2 protein chains.
Amino acid sequence: MSRPPGSDARLAVSTVIFALEPGVTPDGVEHEASGPRSLWIPLVRRLRGPGKDRWALPGGWLGAGEALETAAARTLEETTGVTPAYLEQLYTFGSPDRSPGERVVSVVYWALVRPEETTGAIDDPNVRWFDPDSLPPLAFDHNLIVEYALARLRTKLGYSQIAHAFLDETFTLAELREVYETVLRRPLDPANFRRTVEASGALVETGEVRTGTPHRPPKLYRPAEPADAGANGLFRVPIAPHLRKQS
Amino acid sequence: MSRPPGSDARLAVSTVIFALEPGVTPDGVEHEASGPRSLWIPLVRRLRGPGKDRWALPGGWLGAGEALETAAARTLEETTGVTPAYLEQLYTFGSPDRSPGERVVSVVYWALVRPEETTGAIDDPNVRWFDPDSLPPLAFDHNLIVEYALARLRTKLGYSQIAHAFLDETFTLAELREVYETVLRRPLDPANFRRTVEASGALVETGEVRTGTPHRPPKLYRPAEPADAGANGLFRVPIAPHLRKQS
DNA sequence: TCAAAAGTGTTGTACCTACACCCATGA
DNA sequence: TCATGGGTGTAGGTACAACACTTTTGA
């Protein structure tokens with residue numbers, strides 16, 4: 001175990017950032033429950049090096065003495081100006097030929113961000129938001145990475161409460177259901193959705209209702225206490241039953 | 001993105017190797033279905049450096065131009081002399097302080113091996129097999145890693161067919177059930193187990209039966225075609241329903 | 001013929017789906 | 001009052017758990 005020459009790979013960190021496209025508001029006003037949303041991810045244009053001029057996941061090199069998750073949050077913040085509401089390690093990609101010319105091992109994270117936080121960096125010409133289900137050819141193996149992250153997001157939605165990370169502190173059940181419908185790309189029965197979520201114990205009523213709607217004011221909820229067991233968020237307990245990816 | 005000084009972390013690869021302890025056979029003869037088994041993992045004694053004299057996961061440095069999974073399989077083979085029947089990336093651990101004195105980022109894999117392959121390296125004094133549920137304090141953060149791998153194994157058993165990787169080419173339903181019972185640490189109803197597995201389509205009959213038992217000869221099965229979609233085994237489709245970790 | 005494991009049948013329960021229906025509000 | 005989304009009730013289906021039962025072999 002004396003130091004062999006092998007360890008010359010460079011360590012990079014990238015993040016697949018998921019957001020919900022805010023509802024189409026021609027004026028700048030924040031409309032609640034406005035229009036059909038869709039899943040969006042931000043990509044950055046590579047200005048140099050391999051994969052030049054192609055779109056790529058935001059990321060960067062791991063800093064000295066920097067934790068992996070910290071590096072992911074940092075590069076994410078540098079790109080989009082948001083702090084992630086949810087951040088989890090996805091996978092580490094390290095094929096020797098994935099970056100031409102040099103050996104790069106990328107620890108990839110995925111993140112969920114709230115919609116109103118995504119308006120910051122949108123008008124940078126080198127940052128563009130894409131529909132993750134129909135991407136152009138990206139730099140390196142990033143198409144594969146996004147595909148994998150998407151699958152993980154859709155699967156994990158069914159047995160955890162990550163959907164909350166797309167929403168504000170308080171939200172209605174219709175808004176939460178809209179998140180599920182958008183991510184899973186299928187409609188859900190409002191009645192059954194309500195019962196399933198209520199039975200899971202993941203939500204508590206705030207006692208408030210959302211006013212200003214043209215109809216009956218819906219109750220506002222907020223997430224129950226996270227109660228995340230395990231060190232450094234590695235073990236997140238599945239609670240909410242059965243909103244699976246496939247019917 | 002010009003090369004910053006940050007990338008000085010060393011890249012290591014470790015593997016949590018799961019096996020089933022072979023049934024207790026005082027003679028050297030291979031007895032089928034002999035006695036209650038238990039889950040076993042091999043650890044190696046650290047002979048130098050940080051964590052000296054403690055037990056640790058088998059592993060090593062990533063070789064130049066070597067794929068991560070290849071490095072995992074290589075170090076696994078060097079330690080135990082077996083080729084894994086199943087190998088999957090678990091998580092990448094990279095806290096700055098996890099190894100005193102130097103920055104090490106470890107890409108950790110987990111593997112399943114067949115029981116008769118585990119007899120090779122057992123008598124090396126620097127390799128010992130442990131019950132993963134009651135380990136001594138290991139080097140570095142390896143206790144946490146084993147705990148995480150165990151959770152993944154038990155969860156994944158419920159929605160995939162990895163249990164086959166513990167067994168030979170052909171096996172009886174009782175043997176397969178014993179794998180589940182050992183890993184999940186609870187008894188399963190033979191009748192319901194049979195129906196669940198048969199309905200999953202994961203098994204096909206060989207037409208043979210296992211003779212030499214004192215009782216009715218059971219049919220022998222083998223796994224159905226893997227049908228693993230997706231590149232490099234990243235996407236493994238869940239099929240077998242509902243043999244969950246908790247009742 | 002007996003013991004024990006292999007394999008089959010059956011019933012209850014829990015949960016999910018579908019959809020009918022009532023409730024509350026702004027316009 | 002009406003339209004509409006919020007919210008409740010309920011019947012049918014599916015799947016799993018429990019366990020009684022039959023089958024098949026070696027001894």
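Residue numbers begin at 1 in each chain, while the letters A, B, ... track the order of the sequences. In what follows, every heavy atom counts, from backbone to side chain, and hydrogens, waters and symmetry copies are set aside. Computed from a predicted structure; not experimentally measured.
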### Task
Whole angstrom is fine here: how far is it from CZ in A:Arg194 over to C1' in D:dG5?
11 Å
### Message
For a 4.5 angstrom cut-off between non-hydrogen side-chain atoms, does A:Tyr148 reach A:Tyr91?
### Response
yes
### Summary
To the nearest angstrom, the CZ-P distance between A:Phe193 and D:dG6 comes to 12 Å
#### Entry: Heavy-atom pair with the smallest gap, counting every atom of B:Pro84 and B:Ala111
CB-CB, 3.9 Å
### Query
Rounded to whole angstroms, how far apart are CZ on B:Arg210 and P on D:dG26?
15 Å
#### Entry: Side-chain H-bond candidate by donor/acceptor type, B:Glu88 with B:Tyr86, under 3.5 Å
yes
#### Entry: Interatomic distance, B:Lys219 NZ vs D:dT25 C1' [rounded to whole Å]
15 Å
### Task
Check salt bridge (Lys or Arg N to Asp or Glu O under 4.0 Å) between A:Glu205 and all other residues, then give those that pass, not counting sequence neighbours.
A:Lys219
### Query
For every nucleotide of nucleotides 19-27 of chain C, 5' to 3': is a protein heavy atom under 4.0 Å from its base (B), only from its sugar-phosphate (S), or from neither (-)?
B---BBBS-
### Query
Rounded to the nearest Å, what distance is computed from the CD atom of residue B:Glu198 to the P atom of nucleotide D:dA15?
15 Å
### Message
Measure CG/A:Leu188 against P/C:dC16 and give the value in whole Å, please.
### Response
13 Å
### Task
May I have the distance from B:Glu178 (atom CD) to C:dA6 (atom P), rounded to whole angstrom?
11 Å
### Query
Mind checking what makes side chain to side chain donor-acceptor pair (under 3.5 Å) contact with A:Arg185, not counting sequence neighbours?
A:Asp133
#### Entry: Distance, rounded to the nearest Å, where B:Leu203 contributes CG and C:dG7 contributes P
12 Å
### Query
What class does the angle between the rings of B:Phe18 and B:Trp110 fall in, given that below 30° is parallel, 30 to 60° is tilted and above 60° is perpendicular?
perpendicular
